[in-house]
Protein chains: 2
Amino acid sequence: MLDPVSRVRRFNRAVTSAVGALDTSFLGRGRPLGAARVLNAIGHGRSDIGDVRDYLGLDSGLMSRLLRSLEDEGLIETHAHEDDARRRVASLTRAGKREFAAYEALSNTQAEGFLARNSQREALLAAMDLIASALTRDRIALTEMDPRSDGARYCLGEYYAELGRRFKQGFDVSLSRDPDAKEMRRPRGSFIVAMSDMLPIGCVGLKGTDHGYAEIKRLWVAPSARGLGLGKRLMDTAEDAARSLDIALLRLDTNSALPEAGQLYRTTGWREIPRFNDDPYPDLFFEKRL
Amino acid sequence: MLDPVSRVRRFNRAVTSAVGALDTSFLGRGRPLGAARVLNAIGHGRSDIGDVRDYLGLDSGLMSRLLRSLEDEGLIETHAHEDDARRRVASLTRAGKREFAAYEALSNTQAEGFLARNSQREALLAAMDLIASALTRDRIALTEMDPRSDGARYCLGEYYAELGRRFKQGFDVSLSRDPDAKEMRRPRGSFIVAMSDMLPIGCVGLKGTDHGYAEIKRLWVAPSARGLGLGKRLMDTAEDAARSLDIALLRLDTNSALPEAGQLYRTTGWREIPRFNDDPYPDLFFEKRL
DNA sequence: AGCATTGTCTGACTTTAGTCAGAGATCGTT
DNA sequence: AACGATCTCTGACTAAAGTCAGACAATGCT
């Protein structure tokens, strides 16, 4: 009754019925679930229908019929893909957008209701993030992004907030040499964000310099995503980016107040070197030749 | 992207696909999902078929056919209910038990796999308990039970263990005047257990005395179920039980090391009174007239 | 004893979901 | 230009799920 497996299974039962309830509320809009799912996938930006098919795991015949039924309802339109006329892309009509918004409202209301019914809001959200990250760990996508994009800015904000908590003396971004976003964009450098189902959960920056090396900066993994090996994946991806930019030498600085980071560097081919900058926060310096 | 509602929805998406994966693995046993669900419900002890029907939300016609198909497979047998021959009860045959065990093994393997894949085992389990309790909060059933039943004994065990942790000097049941189970059974008193999907998550005892009042004892709520107002529901139910037993005056003792409890009593019509027993543990005493 | 109610079952459907083969158009490659 | 590969679509299915009316037996209540 109390062993770990039973607890996981109790959780499964609880969420199964919650998920079922949302499906039922979707059914309330008078359309079979299959068609509703396709409409929502398109609404969420999956316009390429092959993409939708893969995402929902549908047979091509079934998919085609669902598209037809949505078209007959006047909710979507399909066009040939501009680069490849075999492929089709779908888009919502005005009525389709209204209908999609109605589904969104249902989902939002359900989520808000859940939050409103429960008092331990923050604890619940943290628990949900943790579980969602664990469940989607093998679907985490690392993508290069502009450091000024929403996803990147969110990660950086969380990163700075965490530094502030971890360092005894606090952390003030302006004191640190905040690398210009330009230096973390191709062709100078790169910025990589880990997205778990549209939520950014980690990042790393590769910052170009004029000193014959590039720097790894801003490695961060969301608390809810730790223990999944994401730090290593981010670093590997950053190194790949460096290689693709013909960068042969990497350096980074870190602080001994972040022991997990130091541990990661030491076990992945970095070697400690003497201080190479005068930034006040770091007290550990590493280098790696690619 | 980061607002609470989006986080809840991300969680929903993550668990939806996980739940779908379990369904698919169930399908692997060559039986439609509907029939598999009925078999599992019976295996889990829902023998009364009306009960199964309500639990799974099935139409009675559909239910009947699913039972027939399981009977044809030789997995279940049905009999008339012994008190009411209109109702039917189902039980697993030997082959049915084997098949049920196979489904159990699938579920267990899936749960174990999830735990094994992730390092933050305890954090995940705590998160799952929290979410499961929050999701099932309006399906928490408060039922009167014998204080010697499994569910009641489990709650009492957890209750004593928690007292031991909370009290500086520890807690030894034998030192406390442990009320005889008889005094917490009708017609003397009552014992109420809160069950969330077969897991006992709270209890309260109403103990009859010969002094013109009854006592509230052993109020306990599982850590994962706190913040749901369950303490109040348990107390309300105990008061209802008292009224149904024509008890007009209630007393209880508690300890100031349990501030949530004192807070609950004060805000629900209880008033503090002088010590009325010589039990060594309590240092706060309350009374309520019904 | 009579009558409404309850619980289950059967028959006769409809709707959804999913499968499979093949047609027709388009694309990339040679 | 020819060929095989790719993508979507249609037709022709099957299987699963769900709905509804009514039959039938047992029960509770007057």
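Every chain is numbered from 1 and lettered A, B, ... according to where its sequence line falls, protein lines coming before strand lines.
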Output yes when A/R9 and B/E104 qualify as a salt bridge under the 4.0 Å nitrogen-oxygen rule, no when they do not.
-> yes
Over how many whole Å does the gap from A/R37 atom CZ to C/dA17 atom C1' extend?
-> 11 Å
Check the distance between D/dC9's P and A/E71's CD and give it to me in whole angstrom.
-> 8 Å
Assert: residue with more 5' nearest nucleotide on DNA chain C, out of B/D84 and A/H81, is B/D84
Quick one: pull up CZ in B/R148 and CZ in B/R153 and give me the separation to the nearest 0.5 Å.
-> 8.5 Å
Indicate, yes or no, whether a donor-acceptor pair under 3.5 Å links the base of C/dT6 to the side chain of B/R86.
-> yes
Atom CG of B/D72 and atom P of C/dT10: how far apart are they, to the nearest Å?
-> 10 Å
Tell me, please, whether A/Y55 has A/R46 positioned over its six-membered ring: NZ or CZ under 6.0 Å from the ring centre and within 45 degrees of its axis?
-> yes
Given atom CE of A/M63 and atom P of C/dT16, what is their separation to the nearest angstrom?
-> 17 Å
Quick one: is C/dC9 close enough that its OP1 or OP2 comes under 4.0 Å of any side-chain N or O from B/R68?
-> yes
Select from A/D59 and A/A85 the residue whose nearest nucleotide in DNA chain C is closer to the 5' end of that strand.
-> A/D59
Residues A/R86, A/D84: salt bridge by 4.0 Å N-O rule | yes
Between B/S60 and B/R65, which has a closest nucleotide on DNA chain D that is more 5'?
-> B/R65
Report the distance from atom CZ of B/R87 to atom C1' of D/dC24, rounded to the nearest whole Å.
-> 18 Å
B/K232/B/D236 ion pair, N-O < 4.0 Å = yes
Between atom CG in B/L66 and atom C1' in C/dT10, what is the gap in whole Å?
-> 14 Å
How many Å lie between CG on A/L70 and P on D/dT8, as a whole number?
-> 16 Å
Taken to the nearest whole Å, CG/A/L27 to C1'/C/dA17 is 13 Å
Base, sugar-phosphate, or nothing for A/R53, non-hydrogen atoms under 4.0 angstrom?
-> sugar-phosphate
